[in-house]
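One structure is given below, encoded as structure tokens.
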Amino acid sequence: MPLELSEGAYSLRGIKVADLCEQYGTPVYVYDTETIKNQYELLIKSFKGANIKVKYACKALTNPNILRYIKSLGAGLDTVSIQEVQIGLAAGFEPADIIYTPNNVSLDEIKQAVDLGVHINIDNISILEQFGNYYGSKVPVCIRVNPHIMAGGNVKISTGHIDSKFGISIYQLRHVERVVKTTGIRVQGVHMHTGSDILDVGVFSRGAEMLFDVARDFKDLEFLDFGSGFKIPYKPGDMGTDVQELGKTLSVRFNEFCKEYGRDLELWFEPGKFIVSEAGYFFAKVNVIKQTTATVFVGIDTGLNHLIRPMFYDAYHHIINVSNPTGTERIYTVAGYICETDTFAWDRKINEVREGDILAFYNAGAYGFTMASNYNSRPRPAEVMIYNGKDHLIRKRETLEDLNRNVVEVEM
Ligand SMILES: *Cc1c(COP(=O)(O)O)cnc(C)c1O
């Protein structure tokens, strides 16, 4: 963990957290690039037996500086909107290194992506048909299938189950074949992304076998895209997906499949969380300690507007008191300042918290800032990146002017 306690003070790569909060104010998101690099390299090394390509799912953390850093590591990009495609291109990614995997977007938006030259991933038969009628064999596509496996325990972040809106059911492949044959579409890849937080390597393997089955039906493939789903540890003692184990077993199976298929394919993954979650910390200041009849609330200077994951899908974020590392542990309920219930954590053991202390949230690199809003007319926090041993402001804290920028005043 890059957040370290030494000589009584917490620091990130040698930079004191207290100094960061002083300089940039709170709340603030801070990202450690070295952690991003370590995660990326762990994945690459684990799959060194196969021809792996990592397409970072940039919806997790979209700051262009982070994108440029991830590009420098050698990764491509997974994008889910035309705006993400544009941000990726502006950050210097080659169109050929970007895959566009939207859901429920118009054919119009897909045509814009085609014009920008990125790989197109199609996840419903209606659009596949329209795409084929319009482009014929001129523009290759990847097809997103839904294997109907319930991966991970949380329905809100699982995308492969039977009620999911994502992908084309594997039971509809006969229909897909008809559309492909009739329109002449070239299928260059098949894709599945069954959700997040998959711990069991066996689930990946079952998914992989299903993807191989689908792949056998298409003769001109260049890659198989296994999506993401890697679980990362949240709580002390938590396990993440064993990517080394996964890399070993899946690489062997993948290479066997390529032999059988008769061509060397690329093995794609699209991790978001795995790459950036642990690299990010969210620091907030304690405004109020409030003893109620039921608990002791720690009220902080942020809320679900800045970090929605706990309220949105019961995500666990480990929280420590940076300002009082040796204080007696007590039990707290950590809550935000939004006029809405915005509890970050119930019944958490934290070193005694005092008004003015700084709390650190772990695992704040993914789906933190990118899901932030202006609810309660609060500006969004600043973003800071630790790079080459130094801290860099990579997004300014918003102001009231930013919030009102698009307001049009009507005379009355
Ligand atoms: C969100 C998403 C990912 C990344 O998921 P993580 O759980 O952050 O790794 C990958 N692929 C697609 C298509 C996605 O929508």
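It should be emphasised that the depicted structure is a prediction, and the values quoted were computed from it without experimental measurement. Atoms within a ligand are numbered from 1 in the order they appear, just like the ligands themselves.
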Starting from [atom], locate the nearest protein heavy atom and write down its residue, its atom name and how far away it is, to 0.1 Å.
| atom | answer |
| --- | --- |
| atom 14 (C) of ligand 1 | K59 NZ, 2.9 Å |
| atom 9 (O) of ligand 1 | S228 OG, 2.4 Å |
| atom 7 (O) of ligand 1 | S196 OG, 2.4 Å |

Within the structure, does [X] bring an N/O atom to less than 3.5 angstrom of an N/O atom in ligand 1?
| X | answer |
| --- | --- |
| Y367 | yes |
| V80 | no |
| E270 | yes |

Atoms in ligand 1 flagged as close to [X], the criterion being non-hydrogen separation under 4.0 Å:
| X | answer |
| --- | --- |
| T101 | 13 (C) |
| K273 | 6 (P), 8 (O), 9 (O) |
| D78 | 10 (C), 11 (N), 12 (C), 13 (C) |
| A57 | 3 (C), 4 (C), 10 (C) |
| G272 | 4 (C), 6 (P), 8 (O), 9 (O) |

Are P271 and ligand 1 in contact, using a heavy-atom cut-off of under 4.0 Å?
->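 Yes.
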
Taking everything shown except E209 itself, do over 12 heavy atoms lie less than 6.0 Å from its CD?
->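 Check passes, neighbour count above 12.
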
Using distance alone, with no hydrogens and no angle criterion, decide if E270 and H193 have a side-chain donor and acceptor under 3.5 Å apart.
->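 Distance-only check fails for E270 and H193.
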
Side-chain H-bond candidate by donor/acceptor type, D357 with N321, under 3.5 Å |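 N321 and D357 do have a side-chain donor-acceptor pair below 3.5 Å.
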
Compute the ring centroids of F282 and H317, then answer whether they are less than 6.0 Å apart.
->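 Ring centres of H317 and F282 not closer than 6.0 Å.
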
Can we call the ring centroids of Y316 and Y234 under 6.0 Å apart?
->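 When the ring centroids of Y316 and Y234 are compared, they turn out to be at least 6.0 Å apart.
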
Over all heavy atoms of both residues, which pair between T370 and K59 is shortest? Give the atoms and the distance, please.
->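 Distance-wise, the nearest heavy atoms are OG1-O, 2.9 Å.
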
Residues in side chain to side chain donor-acceptor pair (under 3.5 Å) with R178, at least two apart?
->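 With sequence neighbours excluded, R178 shows a side chain to side chain donor-acceptor pair (under 3.5 Å) to no residue whatsoever.
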
Can you list the residues that meet the salt bridge (charged side-chain N to carboxylate O under 4.0 Å, His left out) rule with D225, with sequence neighbours excluded?
->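 Scan of D225 (salt bridge (charged side-chain N to carboxylate O under 4.0 Å, His left out), adjacent residues dropped) gives none.
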
